[in-house]
Amino acid sequence: RTNNIDTMRGTWGVVCGAAVMAIAAGNTVWPKPQSQVNTGALLMIDETVFRFNGAGLGGESPILLDAFKRYEGIIGLATMTTNTSRSRARANLNVKAAITSCQVTVETTDETLELDTDESYKLVLEAPTVMITAKTVFGALYGLETLSQLVSRGLEVNSTVITDHPRYQFRATMIDTSRHYYPVEVILQHIDAMAYAKFNTLHWHIVDSVSYPFQSTTFPEMSNQGAYSPNHVYTHDDVSTVVQYSRNRGIRVIPEFDTPGHVDQGYAALEPPILTKCYVDGQPDGTTGPLDPTSEDTYDFLTKFYAELKDLFPDKFVHVGGDEVPSDCWASNPAIQTYMKEHNLNSFADLETLFEQRLLNILKEQGTSYIVWQEIYDNGAKILPDTVIDVWKGGNWQDEIANVTRDGFHAVLSAPFYLNYISYGEDWPKYYSVEPSNFTGGEAADAKGLVGGVEVCMWSEFVDAANFISREWPRAAAVSERGWSAKDVRNVTDARIRLHEFRCKLLQRGIGAEPITNGGSSTELDNHNFCLHEWVPTYKTPWTD
């Protein structure tokens with residue numbers, strides 16, 4: 001992956017212009033912690049002896065040890081600064097004490113990564129030993145990330161005590177790899193950015209009607225026919241790489257294979273066929289529509305296919321889609337019309353509900369829970385109590401989420417967070433200002449934990465590996481703070497300073513995040529519309545000199 005490692009080595013430096021304005025307070029943290037108290041003392045990390053140490057029952061976790069290596073690199077400890085630079089720092093910055101180690105205490109060996117995982121941590125930043133304490137290794141990861149954001153100006157850091165935990169347990173980004181294909185390297189880069197912003201769920205909309213890049217071992221003909229090319233596929237090894245890389249950063253991977261609609265490529269290769277044949281004037285017209293809910297072959301396929309997914313994706317949940325199912329092909333098919341009459345199905349919503357009920361029963365028998373787009377709930381399908389409803393439709397999302405939570409289901413809000421819609425100028429405050437519990441009964445639902453969280457969506461009609469990262473970041477971070485920080489953290493002016501600084505940190509860590517401020521305005525951020533380490537993309541000419 002492209003790391004811009006040369007810009008990270010040596011003196012770590014002030015990570016952005018915003019930090020220059022607030023140097024006395026030290027660097028800021030994104031998303032904003034629940035509680036942060038700075039003592040005012042300025043400390044220095046002595047990189048000649050500094051080490052991370054694990055303690056507690058989970059102190060030897062491979063996930064933790066892997067994180068130590070990452071954060072040594074991020075903080076700049078992999079490269080030694082000179083004695084002269086350390087002496088100058090001590091003299092000029094009046095450093096009072098040196099930090100020689102960071103002890104990370106993980107209280108349990110529980111490494112279950114699920115909706116209820118404890119992600120809290122406490123960070124006591126003092127000399128000679130920084131102390132991070134967490135119940136799980138995943139909380140410890142967030143403590144390490146917070147520590148890395150507090151380091152500034154070489155190896156200096158302010159003495160600080162932080163007690164922190166997320167507001168919501170589900171903080172997701174959704175990627176669409178069907179309309180345009182994302183190489184695995186780009187997905188891994190995105191996962192790193194998610195970890196820096198404390199997202200914890202990758203919703204992977206891996207296939208759709210236009211292409212089928214998932215290489216199934218049970219039904220290999222699907223990607224053979226449905227992928228753009230043999231190079232545009234995700235093998236089982238690719239998926240395992242993404243899943244393990246994510247897990248090591250405290251991120252769940254939830255796949256989505258949308259049905260019964262959004263199907264064509266890949267499914268067209270199956271024998272026996274399970275796509276509905278469309279008719280014109282009583283004759284097949286050669287086109288197909290959604291899956292055929294009246295065919296037992298459909299459910300035989302789904303049973304075998306989801307059994308394969310269960311071995312590949314370890315998360316308890318899958319996203320089954322269920323949105324935007326067109327009914328015109330069903331309406332044109334004589335066999336389906338006959339089936340509906342024989343089974344007293346009075347509408348196509350009833351037919352879709354029959355399909356969804358069969359699919360959900362299959363998943364229940366396999367021990368899999370599910371997330372659904374809101375239509376499945378709206379159509380009255382019988383769903384399990386732990387079903388998560390993804391509220392995605394724009395307009396009046398408040399009424400929808402009010403109904404979902406009133407009925408006792410967990411809701412995830414994605415409707416206001418479609419980042420694929422772009423406009424000229426600063427749009428992140430629009431996402432930042434959304435309050436997920438701002439609906440009738442929202443305060444009570446929030447208290448019960450029924451407002452499960454937030455999800456950023458990036459549909460890829462006009463996005464691929466060339467522009468995905470810069471379009472997603474740092475705009476997605478506006479939603480990560482809404483998902484993590486306290487409800488009353490809403491000051492856009494304060495957030496602008498911290499988000500700009502976070503963007504500079506992303507650049508330094510190899511994430512090509514776009515600017516969030518107006519570089520043509522000398523009044524914005526006191527004319528600090530720049531990062532000390534600007535983005536330098538890797539470019540290799542197609543010729544040799």
Side-chain angles (χ1 to χ4, degrees), residues 178 205 207-210 212 214 216 218-219 221-223 225-226 255-310 318-366 368-384 387 389:
S178 173
H205 185 93
V207 303
D208 210 289
S209 59
V210 292
Y212 198 94
F214 175 67
S216 167
T218 309
F219 302 98
E221 65 271 26
M222 297 186 77
S223 61
Q225 181 271 333
E256 179 189 353
F257 290 83
D258 201 350
T259 56
H262 289 273
V263 292
D264 185 14
Q265 297 300 306
Y267 293 91
L270 293 172
E271 288 291 342
I274 62 173
L275 294 176
T276 302
K277 292 181 180 180
C278 305
Y279 282 67
V280 173
D281 297 329
Q283 297 296 324
D285 67 359
T287 66
T288 57
L291 296 185
D292 184 349
T294 70
S295 170
E296 287 302 313
D297 292 328
T298 298
Y299 304 108
D300 181 60
F301 162 78
L302 292 170
T303 300
K304 294 174 182 176
F305 182 71
Y306 274 100
E308 176 184 348
L309 294 185
K310 190 170 182 63
V318 295
H319 200 305
V320 300
D323 65 316
E324 298 178 324
V325 181
S327 60
D328 52 342
C329 186
W330 283 344
S332 74
N333 186 293
I336 286 183
Q337 290 297 308
T338 300
Y339 182 94
M340 291 180 66
K341 291 177 182 177
E342 290 175 350
H343 291 79
N344 297 318
L345 301 175
N346 299 317
S347 69
F348 294 111
D350 290 342
L351 182 63
E352 183 183 350
T353 298
L354 178 145
F355 167 84
E356 299 295 354
Q357 199 64 64
R358 290 284 302 270
L359 171 59
L360 301 185
N361 287 341
I362 290 169
L363 296 176
K364 180 180 179 181
E365 290 174 3
Q366 294 180 351
T368 300
S369 298
Y370 36 81
I371 303 173
V372 300
W373 296 116
Q374 67 184 70
E375 285 93 328
I376 293 179
Y377 164 81
D378 293 341
N379 291 340
K382 295 178 182 179
I383 51 182
L384 291 173
T387 301
I389 313 297

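Owing to the predicted nature of the structure, the values given are computational and were not obtained by experimental measurement. Position 1 is the first residue of the sequence, and the numbers go up from there. Note: hydrogens, waters and symmetry copies are ignored here, and every other heavy atom, side chains too, is used.
Phe219 is linked by a ring pair (Phe, Tyr, Trp, His ring centres under 6.0 Å) to Phe301, counting only residues two or more places apart in sequence or in another chain. Taking the side chain to side chain donor-acceptor pair (under 3.5 Å) definition, one finds that Thr338 meets it with nothing, sequence neighbours left out. Residues satisfying the side chain to side chain donor-acceptor pair (under 3.5 Å) test with Ser209, not counting sequence neighbours, are none. For Lys304, the side chain to side chain donor-acceptor pair (under 3.5 Å) partners are Asp300, not counting sequence neighbours. Applying the side-chain contact (heavy atoms from CB on, under 4.5 Å) rule to Gln357 yields the partners Asn361, Ala381, Lys382; only residues at least two apart in sequence or on another chain are considered. With sequence neighbours left out, Ala331 forms a side-chain contact (heavy atoms from CB on, under 4.5 Å) with Gln337, Phe348. The side chain to side chain donor-acceptor pair (under 3.5 Å) check on Ser369 picks up Asp386, with sequence neighbours excluded. Under the ring pair (Phe, Tyr, Trp, His ring centres under 6.0 Å) criterion, His262 pairs with no residue, sequence neighbours left out. Under the ring pair (Phe, Tyr, Trp, His ring centres under 6.0 Å) criterion, Tyr339 pairs with His343, sequence neighbours left out. Evaluation of the ring pair (Phe, Tyr, Trp, His ring centres under 6.0 Å) rule for Phe257 yields Phe214, Phe305 as partners, not counting sequence neighbours.
Here the side chains of Trp373 and Glu256 are in contact, with some heavy-atom distance below 4.5 Å. Counting heavy atoms from C-beta on, the side chains of Thr259 and Tyr267 come closer than 4.5 Å. The closest side-chain heavy-atom distance from Ile383 to Ile389 is below 4.5 Å. Counting heavy atoms from C-beta on, the side chains of Leu384 and Leu360 never come closer than 4.5 Å.
One distance of note links NE2 of His205 with CG of Asp258; it measures 5.5 Å at 0.5 Å rounding. The line from CG of Asp264 to OG1 of Thr287 is 9.5 Å long, rounded to the nearest 0.5 Å. Distance OH/Tyr377 to OG1/Thr387: 12.0 Å, rounded to 0.5 Å. In this structure, the separation between OG1 on Thr294 and CG on Asn333 is 7.0 Å, given to the nearest 0.5 Å. Within the model, atoms CD1 of Ile336 and SG of Cys329 stand 7.0 Å from one another, a figure rounded to the nearest 0.5 Å. To the nearest 0.5 Å, atom CD of residue Glu375 and atom CG of residue Asn379 are 7.5 Å apart.
No side-chain donor-acceptor contact under 3.5 Å links Asp208 to the backbone of Val210. In this structure, Gln265 contributes its side chain and Val207 its backbone to no donor-acceptor pair below 3.5 Å.
Within the structure, the salt bridge (charged side-chain N to carboxylate O under 4.0 Å, His left out) test picks out the following pairs touching residues 342-362 (sequence neighbours left out): Glu296-Arg358.
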- Message: Between Thr298 and Phe355, does the side-chain contact (heavy atoms from CB on, under 4.5 Å) criterion hold? Intermediate values first, please.
- Response: CA-CA 9 Å; Thr298 298; Phe355 167 84; 4.0 Å; yes
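When all heavy atoms of Pro334 and Ser332 are compared, the pair lying nearest together is CD-O, 3.3 Å. For the residue pair Gly266 and Gln225, the shortest heavy atom distance occurs at N-OE1, 2.6 Å.
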Contacts under 3.5 angstrom, residues 269-281 side chains, donor-acceptor by atom type, not counting sequence neighbours:
residue	atom	partner	partner atom	Å
Thr276	OG1	Pro290	O	2.9
Thr276	OG1	Leu291	O	3.4
Thr276	OG1	Trp330	NE1	3.2

